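Atoms within each ligand, like the ligands themselves, are counted from 1 in listed order. Owing to the predicted nature of the structure, the values given are computational and were not obtained by experimental measurement.
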Amino acid sequence: MKKILITGGAGFIGSHVVRRFVNKYPEYQIFNLDALTYAGNLENIKDIENQPNYNFLKGDIVDANFIDELFSQHKFDGVLHLAAESHVDRSIEDPLAFVKTNVIGTMNLLNAAKNQWKGNFEGKRFYHISTDEVYGSLGAEGLFTETTPYDPNSPYSASKASSDHFVRAYGETYGLPYVLTNCSNNYGSYHFPEKLIPLFINNIINNKSLPVYGDGNYTRDWLFVEDHAIAIDLVFHEGKNHETYNIGGFNEWKNIDLVKLLCQIMDGKLEREKGTSEKLITYVKDRPGHDLRYAIDASKINKELGWKPSVTFEEGLEKTINWYLNNEEWLKNVTSGSYKDYYKKQYS
Ligand code: NAD
Ligand code: TYD
């Protein structure tokens, strides 16, 4: 039986990956390691917590001794590393927290895997999940490819770029078998309402203002989170060793156009008069160092592994909005902070 460590599995993308692996691979023992920071919520994965192949471990990847002991105890065959500080605005307020988790935490996992596997890499794999933000900002034209030079602009993207470099370096220097993916902006269920789409859905529900940074003419490429989880499954099992793959939605939207679309759909769902939600739009001070445009060329993963998004943006957004409307309890628990009690209730 294979033992797989997934870090950050109580977060947004990690919860979708853990769910997929636990349900699809009963032959694996899945270990979800998560520190349960503000972004970690065990309610995200409560549907699988009693499965026989699922194990939750609370712990911090920044603690090197703890990570070493964990690897000695469990002797993992594979690692999918998603734990991170993930929000650009928070990285502007507290860059060091991002260095600790994203750089040092990744280093601790790399060291533990290297020391545990001791050069015997048969059947072993370290998969580092990263972001397209490491490439910096595009102008009006062009796409990020796997060979685009790294040019990070925010403390978040600089910390992710640094961790990506360490992963590659461990591959080159010690032969550590790794794969790495750089993905565009995800959206979907269980997304913490600090990021654009869930924040704005929540604010529309509660008639609160929608703070659009700057003039709103910033572009992001949006991918449905379940399609990201499918891509991660594929790369983990079939990706070539020491390779990087870009993952994207072929789906560019200017923020302001996306926000107006959200407003229109939400007016319909909430049976409010047309134009009601748009009135909540408020242009606010821009984010410092705001990247103008991200867009991914995902042709490599498409040609080599046959992956492409399975849902259109219209379908994905519909599913996402319906999920938030049907899970107001989840939203309430997250915004009130009471989701933090779930660990105590279930695990202690
Ligand atoms: P998230 O913030 O929703 O979740 C992060 C998880 O990591 C949380 O459960 C948190 O408790 C855990 N964590 C944080 N610090 C930890 C630590 N020191 N030790 C152990 N656990 C810790 O993040 P997400 O949006 O799900 O992103 C997951 C990964 O995917 C990240 O590596 C991120 O850089 C990458 N990524 C995200 C996006 C996106 O659009 N969200 C896009 C591309 C790549
Ligand atoms: P975000 O969801 O924070 O993701 P990222 O910064 O990683 O791309 O932001 C997406 C875009 O939306 C980005 O251009 C910043 C913008 N934005 C706003 O205009 N207002 C907001 O309140 C937030 C959170 C983001």
Chemist: Short question: side chain of N182, backbone of S130 - any donor-acceptor pair under 3.5 Å?
Modeler: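 Pair absent, no side-chain N/O of N182 close to backbone of S130.
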
Chemist: Among side-chain atoms of N111 and N115, is any donor-acceptor pair under 3.5 angstrom?
Modeler: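 No, because no side-chain N or O of N111 sits under 3.5 Å from a partner of the opposite role on N115.
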
Chemist: Could you tell me which atoms of ligand 1, counted from 1 in the order shown, lie closer than 4.0 angstrom to a heavy atom of A35?
Modeler: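 In order of numbering, the contacting atoms are 16 (C), 17 (C), 19 (N), 20 (C), 21 (N), 22 (C).
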
Chemist: May I have the step-by-step check of salt bridge (Lys or Arg N to Asp or Glu O under 4.0 Å) for K254 and D257, ending in yes or no?
Modeler: CA-CA 5 Å; K254 278 198 172 156; D257 296 336; 6.0 Å; no

Chemist: Can you tell me if G9 contacts ligand 1 (heavy atom of the residue under 4.0 Å from the ligand)?
Modeler: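 Checking ligand 1 against G9, which is what was asked, there is no heavy-atom contact under 4.0 Å.
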
Chemist: With sequence neighbours left out, write down each residue that passes salt bridge (Lys or Arg N to Asp or Glu O under 4.0 Å) with E304, or none if nothing qualifies.
Modeler: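 K240.
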
Chemist: Do the non-hydrogen side-chain atoms of K75 and K3 ever get within less than 4.5 Å of each other?
Modeler: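 Not touching, per the 4.5 Å side-chain cut-off.
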
Chemist: Please work out whether the ring planes of F12 and H16 are parallel, tilted or perpendicular, with thresholds of 30° and 60°.
Modeler: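 Perpendicular: the ring planes of F12 and H16 meet at over 60°.
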
Chemist: Under a heavy-atom criterion of less than 4.0 Å, does L36 contact ligand 1?
Modeler: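 The answer is yes: ligand 1 sits under 4.0 Å from a heavy atom of L36.
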
Chemist: Look at ligand 1 and say whether S15 reaches it with a heavy atom at a distance under 4.0 Å.
Modeler: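 Per 4.0 Å heavy-atom rule, S15 does not contact ligand 1.
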
Chemist: Contacts table for ligand 2: protein N or O within a distance under 3.5 Å of ligand N or O, distances only.
Modeler:
residue	atom	partner	partner atom	Å
ligand 2	2 (O)	L196	N	2.9
ligand 2	3 (O)	R287	NH2	3.1
ligand 2	4 (O)	N185	ND2	3.3
ligand 2	6 (O)	R287	NH1	2.5
ligand 2	6 (O)	R287	NH2	3.3
ligand 2	7 (O)	E133	OE2	2.5
ligand 2	8 (O)	N185	ND2	2.9
ligand 2	8 (O)	R220	NE	2.8
ligand 2	12 (O)	N255	ND2	3.4
ligand 2	14 (O)	R220	NH2	3.3
ligand 2	14 (O)	N255	ND2	2.9
ligand 2	14 (O)	H290	NE2	2.7
ligand 2	19 (O)	Y213	N	2.9
ligand 2	20 (N)	P211	O	2.7
ligand 2	22 (O)	P211	O	3.4

Chemist: Considering non-hydrogen atoms of the protein only, which is the closest contact for atom 42 (C) of ligand 1, and what is the distance?
Modeler: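 Atom 42 (C) of ligand 1 sits closest to the protein heavy atom S184 O, 3.3 Å.
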
Chemist: Under 4.0 Å, heavy-atom basis, I'd like to know which part of H87 is in contact with ligand 1: side chain, backbone, both or neither.
Modeler: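 Near ligand 1, H87 shows nothing, with every heavy atom at 4.0 Å or more.
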
Chemist: Without hydrogens or angle criteria, can the side chains of W222 and N186 be said to hold a donor-acceptor pair below 3.5 Å?
Modeler: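 Not at all, the side chains of W222 and N186 share no donor-acceptor pair under 3.5 Å.
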
Chemist: Just need the protein heavy atom nearest to atom 9 (O) of ligand 1, so name the residue and atom and give the distance.
Modeler: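 Minimum-distance protein heavy atom for atom 9 (O) of ligand 1 reads D34 OD2, 2.5 Å.
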
Chemist: May I ask you to list the atoms of ligand 1 that are less than 4.0 angstrom from any heavy atom of D60?
Modeler: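 This gives 17 (C), 18 (N), 19 (N) as the contact atoms.
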
Chemist: Is there a donor in the side chain of D227 and an acceptor in the side chain of S310, or the other way round, less than 3.5 Å apart?
Modeler: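 Side-chain D/A pair, D227 to S310: present.
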
Chemist: So for S130, does at least one of its heavy atoms come nearer than 4.0 angstrom to any atom of ligand 1?
Modeler: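 Flag set, S130 near ligand 1.
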
Chemist: Could you label the plane-to-plane angle of the H242 and Y178 rings as parallel, tilted or perpendicular, counting under 30° as parallel and over 60° as perpendicular?
Modeler: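 It falls in the parallel class, under 30°.
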
Chemist: Which ligand 1 atoms are under 4.0 Å away from a heavy-atom of Y156?
Modeler: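 Listed by number with element, the hits are 33 (C), 34 (O).
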
Chemist: Under 4.0 Å from ligand 1, counting heavy atoms only, is it the side chain of D132, its backbone, both or neither?
Modeler: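 Neither part.
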
Chemist: Under the ring-ring contact (aromatic ring centres under 6.0 Å, His included) rule, collect the residues that match up with F21, sequence neighbours excluded.
Modeler: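 Result, ring-ring contact (aromatic ring centres under 6.0 Å, His included) vs F21: Y25, F236, H237.
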
Chemist: Considering only heavy atoms of N186, which atoms of ligand 1 have at least one such atom less than 4.0 Å away?
Modeler: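 Result: 39 (C), 40 (O), 42 (C).
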
Chemist: Please determine, by modelled atom types, if D89 and Y213 share a side-chain donor-acceptor pair under 3.5 angstrom.
Modeler: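 Yes, side-chain donor-acceptor contact under 3.5 Å.
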
Chemist: Output all residues satisfying salt bridge (Lys or Arg N to Asp or Glu O under 4.0 Å) with K274, sequence neighbours left out; order by chain, then residue number.
Modeler: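 With sequence neighbours excluded, K274 shows a salt bridge (Lys or Arg N to Asp or Glu O under 4.0 Å) to no residue whatsoever.
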
Chemist: Quick check on contacts: which atoms of ligand 1 are under 4.0 angstrom from a heavy atom of G59?
Modeler: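 Taking each heavy atom of G59 in turn, ligand 1 has 19 (N), 20 (C) under 4.0 Å.
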
